[in-house]
K.L.:
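Okay, here's the structure, questions in a sec.
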Amino acid sequence: MTDTLGEQSIGAASGGSIELDLSAAHGSLPISLLVSPIANSDHSVAGYILVFRDISRERNAKHEIEQQVIERTKELHNAQTKLGASIESLPIGFMIVDPDQKVTLRNSAMNKILGSDPADPLTLTDVGAKFTQLSETSTSNFQKAYESHKAIEATDINYGTKILRSFMAPIFTKDTAKQFLGTVVLLEDTTEQVVLNRSKDEFFSIASHELRTPLTAIRGNSGMMLNMYKEVLKREDMQGMVEDIHQSSIRLIDIVNDFLDVSRIEQGKIAFTYEDVALDQVIETVIYEMRAV
């Protein structure tokens, strides 16, 4: 044992402990050596007390812990890589704002919308200042999302030639304490969709007005024929055809007016007036229209 340990090992472990690998029949045996000197009355060293302890389990446990740490670190790295790739692939702007309103994460779509450099630091106030409508309400929306624990949405945000939609939602921990972690902010470029909807509304409005002109003429002329040329329309079938033309023109004009009302409803330019309706007349109209069926 003296040859194995040596005076250097005893000296290194004197007053403390060291780890050694002792040769055994089936391989090396990891041990912990604790050396305590025995002093004479004159403070000279008379000998040493050696305490050996098998640390195989501790070393194995340490190795297992190290392997688990390596595996968990690898899993976290893979998860972070997947999350980053998912956020980066989003077609809409994405960013996370911490409780101090500092932007901690944003994707390339957000940088493209804002026209900002990825390396430039940003705050929520900086983002809000870029918009004509959001600049005065960014902080209030942030507070609303924080206090109400609900999502806040804003539409038709003007940013140069673009029209954007924003969505803000607070982030909390899943525990009962619900610690506030920050806010997720999404920005979507809705310019094409808004322009398309406006074009559709303009088309309906123009087409409806254009349709009303010939329909009004048909209704007026058919009404005059029924009132002024009764003698000419003596045949019952001929008078019935003119009446059908007159009633059909009235129904078509009502449909055109409905189109115009839909456009007004979407623009918020319509007011409702409630009044009593004679159901018998409604039923007769439905029966008349469904007669052929």
K.L.:
What heavy-atom pair brings F180 and P170 nearest, and what distance separates the two atoms?
P.N.:
CE1-CB, 3.9 Å
K.L.:
Answer yes or no: does atom CD of E66 have more than 12 heavy-atom neighbours from other residues, nucleotides or ligands under 6.0 Å?
P.N.:
yes
K.L.:
Donor-acceptor check, side chain of T191 to backbone of I163, threshold 3.5 angstrom: yes or no?
P.N.:
yes
K.L.:
Any side-chain heavy atom of V184 sitting closer than 4.5 Å to one from F167?
P.N.:
no
K.L.:
Mind checking the CD1-OG spacing from I253 to S248? Nearest 0.5 Å is all I need.
P.N.:
11.0 Å
K.L.:
Restricting to non-hydrogen atoms, name the atom on A109 and the atom on L90 that form the minimum distance, rounded to 0.1 Å.
P.N.:
CB-O, 3.9 Å
K.L.:
Would you compute the distance between atom CZ of R251 and atom CG of L215 and round it to the nearest 0.5 angstrom?
P.N.:
12.0 Å
K.L.:
Determine whether more than 12 heavy atoms belonging to other residues, nucleotides or ligands lie under 6.0 Å from atom CZ of F203.
P.N.:
no
K.L.:
Show the numbers, then the answer: is there a side chain to side chain contact (heavy atoms under 4.5 Å, CB included) between I250 and H246?
P.N.:
CA-CA 6 Å; I250 293 176; H246 183 69; 3.6 Å; yes
K.L.:
Any heavy-atom pair between the side chains of I245 and I218 that's under 4.5 Å?
P.N.:
yes
K.L.:
Do D100 side-chain atoms and K102 backbone N/O form a donor-acceptor pair below 3.5 Å?
P.N.:
no
K.L.:
Shared ILVMFWY cluster between V293 and V286, side chains joined below 4.5 angstrom?
P.N.:
yes
K.L.:
Any heavy-atom pair between the side chains of R212 and N257 that's under 4.5 Å?
P.N.:
yes
K.L.:
So, taking the atom named CG in D261 and the one named CG in D254, what distance separates them when rounded to the nearest 0.5 Å?
P.N.:
10.0 Å
K.L.:
Are L164 and V103 connected in a single hydrophobic cluster, I mean Ile/Leu/Val/Met/Phe/Trp/Tyr linked by side-chain heavy atoms less than 4.5 Å apart?
P.N.:
yes
K.L.:
Report yes or no: do L181 and L186 belong to one cluster of Ile/Leu/Val/Met/Phe/Trp/Tyr joined by side chain heavy-atom distances under 4.5 Å?
P.N.:
yes
K.L.:
Counting distance only, does the side-chain N/O of S36 pair as donor-acceptor with the main-chain N or O of I49 below 3.5 Å?
P.N.:
no
K.L.:
Using atom types as modelled and distance alone, determine if a side-chain donor or acceptor of R106 lies under 3.5 Å from a backbone N or O of G93.
P.N.:
no
K.L.:
Please determine whether residues I287 and L279 belong to a single hydrophobic cluster, defined as Ile, Leu, Val, Met, Phe, Trp and Tyr linked transitively by side-chain heavy-atom distances below 4.5 Å.
P.N.:
no
K.L.:
Looking at D42, I'd like to know if its CG atom is crowded, meaning that more than 12 non-hydrogen atoms belonging to other residues, nucleotides or ligands lie closer than 6.0 Å.
P.N.:
yes
K.L.:
So if you build clusters from Ile, Leu, Val, Met, Phe, Trp, Tyr with side-chain heavy-atom gaps below 4.5 Å, do I92 and V194 land together?
P.N.:
no
K.L.:
Tell me whether K162 at atom NZ has more than 12 heavy atoms from other residues, nucleotides or ligands lying less than 6.0 Å away.
P.N.:
yes
K.L.:
Measure the spacing between NZ of K74 and OG1 of T81 and express it to the nearest 0.5 Å.
P.N.:
11.5 Å
K.L.:
Got a sec: does the CD of Q67 have more than 12 other heavy atoms crowding it under 6.0 Å?
P.N.:
yes
K.L.:
Does T104 reach the main-chain N or O of D98 with its side chain, forming a donor-acceptor pair under 3.5 Å?
P.N.:
no
K.L.:
How many angstroms lie between OG1 in T190 and CG in L196, if you round to the nearest 0.5 Å?
P.N.:
12.0 Å
K.L.:
When rounded to the nearest 0.5 angstrom, what distance separates CD1 in I113 from CG in D189?
P.N.:
6.0 Å
